[in-house]
Protein chains: 2
Amino acid sequence: MKKNPKPSSKRNENRACAEHHHDPKPSIERAARILKDAGLKSTKPRSALLEAMTRFHAPFSTEELFRAVKASDLDLVTVYRSLATFSDLGIVSRVDLGDGVVRYELRSPDGSHHHHFVCQECQKVEPLDSCEIKAQENRLRELGYSQLSHRLEFFGICPDCREHSRADARTR
Amino acid sequence: MKKNPKPSSKRNENRACAEHHHDPKPSIERAARILKDAGLKSTKPRSALLEAMTRFHAPFSTEELFRAVKASDLDLVTVYRSLATFSDLGIVSRVDLGDGVVRYELRSPDGSHHHHFVCQECQKVEPLDSCEIKAQENRLRELGYSQLSHRLEFFGICPDCREHSRADARTR
DNA sequence: AGAATATTGCAAACTGTTTGCAATGACATC
DNA sequence: GATGTCATTGCAAACAGTTTGCAATATTCT
């Protein structure tokens, strides 16, 4: 799988969505409770991973998370296993951006659900609020389909990149 | 990556979408023209692959396509390379169902675009007509986002499976 | 038919992910 | 606070899917 330019986290100020720079603590506490309730242990590696995850403001890959906790010196295998566990417990959810890379995202305590906009130039990923797909789901429901869920991602060029390429064109 | 039950092609009669049991020929002819226009060659392996693709009525994986042409005795590598070429030329498009398996689908000559419903019980995949996401896209466009596209898949339990599980419950 | 070049097959490399197993660490109980 | 139990970790190795290098082959054009 090809490596793309750069995940660029600068300027991740979500123009397409209301801000949610959530406080790390609730997420971590929630996770701890969930682990405990499931009879699982709260270990140093897991805490380090949870802490690191709160520092991401966009979906991250296993590899990225691994690099983010490198100081704590865990094995990559542990990251894989922890993410699998967290995912099963609903602490994180898988985000599929269609480039073949598996990414995750810390789920917000209220269980709300959102989609993303991915800039195909700078690779920035922004959360979007709401999804007006209910109509489509309702239609399927009327046809007898049940337990519906969906997965949606938008792609395109973000306003920043559009502006930059204009500037480039002028000075070229 | 775990293997799921069975791709089940039986009963793929698209209740959620108008039928389109397209005639194979136009697709193959279109592909031949596109290849030629791109200065590429029309070879026996490519023809075999194109022919095999028309027999699928749901997105297929590289592996599945490989098995479907096994008689023609091509190398799996050729299937990978051909699909990459076809995808670049717009002869097929990648379909992402979120289970980590890369799938493709022969694009219809009119370039129309659709999404899918995936039954999480029998794994059946059905095309859906239309997508009412234009509103969301328009909103992004007003915010300065451009060259928008999206990717959407629905998941759930199809009417058949729902019916079967009811029957199961009664006789159990 | 012949030249130019795209395409194929085969083997081997790679990447991302998973598994087996022994050593370690967390938590509850005494 | 020591002890027993069981989840968790690290390491090495296996694996699956996909990609690459290269020589042999096939296609297309003249």
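Chain letters run A, B, ... following the sequence lines, proteins first, then strands; residues in each count from 1.
Side-chain atoms of B/R81 lie closest to D/dT20 of the nucleotides C/dT7, C/dG16, D/dT20.
Residues meeting the side chain to side chain donor-acceptor pair (under 3.5 Å) test with B/E137, sequence neighbours left out: B/H150. B/E105 is linked by a side chain to side chain donor-acceptor pair (under 3.5 Å) to B/H114, B/H116, counting only residues two or more places apart in sequence or in another chain. Residues passing the side chain to side chain contact (heavy atoms under 4.5 Å, CB included) test with B/D37 are B/R33, sequence neighbours excluded. In this structure, the salt bridge (charged side-chain N to carboxylate O under 4.0 Å, His left out) partners of A/R103, at least two apart in sequence or on a different chain, are A/D99. Under the side chain to side chain contact (heavy atoms under 4.5 Å, CB included) criterion, A/E163 pairs with A/R166, A/R170, sequence neighbours left out. Considering only residues two or more places apart in sequence or on other chains, A/R107 meets the salt bridge (charged side-chain N to carboxylate O under 4.0 Å, His left out) condition with none of them. In this structure, A/E29 has no side chain to side chain donor-acceptor pair (under 3.5 Å) partners at least two apart in sequence or on a different chain.
Note on B/Y80: a side-chain N or O is less than 4.0 Å away from OP1 or OP2 of D/dT18.
A distance of 8.0 Å separates NZ in A/K124 from CZ in A/F117, rounded to the nearest 0.5 Å.
One atom, CZ of B/R46, and another, P of D/dA26, lie 15 Å apart when rounded to the nearest Å. For the pair B/L83 CG and D/dT19 C1', the interatomic distance rounds to 14 Å; values are reported in whole Å. The nearest whole Å value for the distance from the CD atom in B/E64 to the C1' atom in D/dT18 is 16 Å. For A/K70 and D/dG10, the NZ to C1' distance is 18 Å, given to the nearest whole Å. Rounded to whole angstrom, the span from the CG atom of B/L35 across to the C1' atom of D/dA26 amounts to 15 Å. In this structure, A/L65 places its CG atom 12 Å from P of C/dT17, rounding to the nearest Å. Between B/L49 atom CG and C/dT7 atom C1' there is a gap of 13 Å when expressed in whole angstrom units. Rounding to whole angstrom units, CZ of residue B/R94 and P of D/dG17 are separated by 15 Å.
Evaluation of the side chain to side chain donor-acceptor pair (under 3.5 Å) test over residues 43-52 of chain B, restricted to residues two or more places apart or in two chains, returns B/E51-B/R55.
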Reading nucleotides 23-30 of chain C from 5' to 3' and marking B where a protein heavy atom lies under 4.0 Å of the base, S where only the sugar-phosphate is that close, and - otherwise, the string is --BBS---

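Across residues 72-79 of chain B, B/D73, B/L74, B/D75, B/V77, B/T78 each have a non-hydrogen atom less than 4.0 Å from an atom of DNA chain C (numbered order).
Axis angle, first five pairs versus last five pairs of the helix from C/dA1-D/dT30 to C/dC30-D/dG1: 40°, rounded to 10°.
A donor and an acceptor atom, one from each side chain of A/E126 and B/Y145, are located under 3.5 Å apart.
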Please tabulate, for the side chains in residues 70-91 of chain B, all donor-acceptor contacts under 3.5 angstrom to protein atoms that are two or more places apart in sequence or on a different chain.
residue	atom	partner	partner atom	Å
B/S72	OG	B/V69	O	3.2
B/D75	OD1	B/V77	N	2.8
B/S82	OG	B/T78	O	2.8
B/T85	OG1	B/R81	O	2.9

